[in-house]
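Chain naming here is simple, since letters A, B, ... match the order of the sequence lines and numbering starts at 1 in each. These numbers come from a predicted model, not from an experiment.
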Number of protein chains: 2
Amino acid sequence: MLKLSRLTDYAAVVMAQIARHHQASHTAADLAEAVQLPHPTVSKTLKMLVKAGLLESQRGVQGGYRLARPASQITAADIISAIEGPVAMTECSQAEGECELAATCGVADNWQRVSLAIRTLLESVTLAHLADTAPIKLPVQLPIQSISLSAASA
Amino acid sequence: MLKLSRLTDYAAVVMAQIARHHQASHTAADLAEAVQLPHPTVSKTLKMLVKAGLLESQRGVQGGYRLARPASQITAADIISAIEGPVAMTECSQAEGECELAATCGVADNWQRVSLAIRTLLESVTLAHLADTAPIKLPVQLPIQSISLSAASA
DNA sequence: TTAATTGGGTACCATTTTAGTCCTGTATAA
DNA sequence: TTATACAGGACTAAAATGGTACCCAATTAA
């Protein structure tokens, strides 16, 4: 499936919710209500997003969460890595050559290039795009050109 | 991480191995030896690839596995979906609107577009590319243009 | 026709990952 | 000072994943 974990999904939904009302501060309880998910789970997700620097939090009365920067400067890749860690398709495309099968593998390098292309794609999609109810019409063509999967030939 | 399962990784390595010697028939045992993985695991992977129509098998003496079609006509997306099922980033991007949170979600459509872009990218990478020890220099720019993530605006 | 070879299918178990919950602590504003 | 709300971590339950074993089916050559 190559799919996102459920928590990552929640994170995107919650971030979009905050982005649509970015002027206000949102409590975990309000957000949980808005997106119809259990409070503790939403809370956990929010904490991860704070730790990743995508949200800022304020404790106490009138506290809550706000975007740490404009939605146009937060990418899908940011949200995914906040929850799941770095975007990479294979174990070996993140850690440095720790794979003892490297000798017989023969596809590692090319997987890394594919990985890079996907990462670049995800970096070109912003929270502003995701939160928008209109279809994305972002310039995805452009960043992909800069990938061209031959990047590693340098 | 957005990562492939380990079996998918194995599948890619095994497929690449077969692709590099596509004239011969490969037994599960030979392949397991070549890629240094346990025989039963490789065997299981091979069966999935056969079921997906990417490999053909021949039983009996002198039997083994061969590519069902040229490596240039087998894509990374084919291999991934053979093992993990359809390439999709979220639950709801494969099944038809079964998500009861759709009302409060608000990001489903856009995730689907991202999903589509990734799928198209993976479809543009062939087994021939993966098996090649030289860096991929494939025309990834072109298919991406056809995505442009505005496809769903139609 | 029979024996050896090789894949096919299924069921099972162990491990890991994921998800969800709870508890206790800390900061803040009224 | 008290109610509110986030911070951090521990814990548990559930699910997915990976790996193994076993027995069956097909093919071929002697």
S.K.: Could you list, one pair per line, each protein nitrogen or oxygen that sits under 3.5 Å from a nitrogen or oxygen of nucleotides 16-19 of chain C, together with the distance?
M.R.:
from   : atom 1 : to     : atom 2 : distance (Å)
C/dA19 : OP1    : A/Arg6 : N      : 2.6
C/dA19 : OP2    : A/Ser5 : OG     : 3.3

S.K.: Contact boundaries of DNA chain D with chain A (under 4.0 Å, heavy atoms), 5' to 3'?
M.R.: D/dA3 to D/dG8
S.K.: Between A/Lys51 and A/Gly63, name the one whose nearest nucleotide on DNA chain D is closer to the 5' end.
M.R.: A/Gly63
S.K.: Can you tell me the distance, in whole Å, between the CG atom of B/Leu46 and the P atom of C/dG8?
M.R.: 8 Å
S.K.: Restricting to non-hydrogen atoms, name the atom on B/Leu121 and the atom on A/Val114 that form the minimum distance, rounded to 0.1 Å.
M.R.: CD2-O, 4.4 Å
S.K.: Can you list, pair by pair, the side-chain donor-acceptor contacts under 3.5 Å of residues 9-19 of chain A, counting residues two or more places apart and other chains?
M.R.:
none

S.K.: Could you tell me the separation between the OG atom of B/Ser5 and the CG atom of A/Leu2, rounded to the nearest 0.5 Å?
M.R.: 10.0 Å
S.K.: Could you tell me how far apart B/Gln62 (CD) and C/dT6 (C1') are, to the nearest whole angstrom?
M.R.: 10 Å
S.K.: Any side-chain heavy atom of B/His129 within less than 4.5 Å of one from A/Asn110?
M.R.: no
S.K.: Compare every heavy atom of A/Ser72 with every heavy atom of A/Thr126, then report the nearest pair and how far apart it is.
M.R.: CG2-O, 3.4 Å
S.K.: Side chains of A/Lys3 and B/Thr90, heavy atoms from C-beta outward: is any pair under 4.5 Å?
M.R.: no
S.K.: Please check if the side chain of A/Ser81 supplies one atom and the backbone of A/Ala77 the other of a donor-acceptor pair under 3.5 Å.
M.R.: yes
S.K.: Can you name the closest pair of heavy atoms from A/His26 and A/Ala24 and give their distance?
M.R.: CD2-O, 3.4 Å
S.K.: Which heavy atom of A/Ala82 sits nearest a heavy atom of A/Leu49, and at what distance?
M.R.: CB-CD2, 4.0 Å
S.K.: Atom pairs, N/O to N/O, protein against nucleotides 24-28 of chain C, distance under 3.5 Å?
M.R.:
from   : atom 1 : to      : atom 2 : distance (Å)
C/dT26 : O2     : A/Arg59 : NH1    : 3.0
C/dA27 : O4'    : A/Arg59 : NH1    : 3.1

S.K.: Which pairs with one or both residues in residues 65-84 of chain A pass salt bridge (Lys or Arg N to Asp or Glu O under 4.0 Å), sequence neighbours excluded?
M.R.: A/Glu56-A/Arg66, A/Arg69-A/Asp78
S.K.: Both A/Ala29 and B/His39 contact DNA chain D. Which one's nearest nucleotide lies toward the 5' end?
M.R.: A/Ala29
S.K.: Under a 3.5 Å distance rule, please check whether B/Thr120 uses its side chain to pair with a backbone N or O of B/Leu116 as donor and acceptor.
M.R.: yes
S.K.: Does B/Thr41 offer a backbone N or O that forms a donor-acceptor pair with the side chain of B/Thr45 under 3.5 Å?
M.R.: yes
S.K.: Which ones in residues 18-25 of chain B lie close to DNA chain D, meaning a heavy atom under 4.0 Å from one of its atoms?
M.R.: none
S.K.: Within the distance-only criterion (no hydrogens, no angle test), does the side chain of B/Ser57 pair as donor or acceptor with the backbone N or O of B/Gly64 below 3.5 angstrom?
M.R.: no
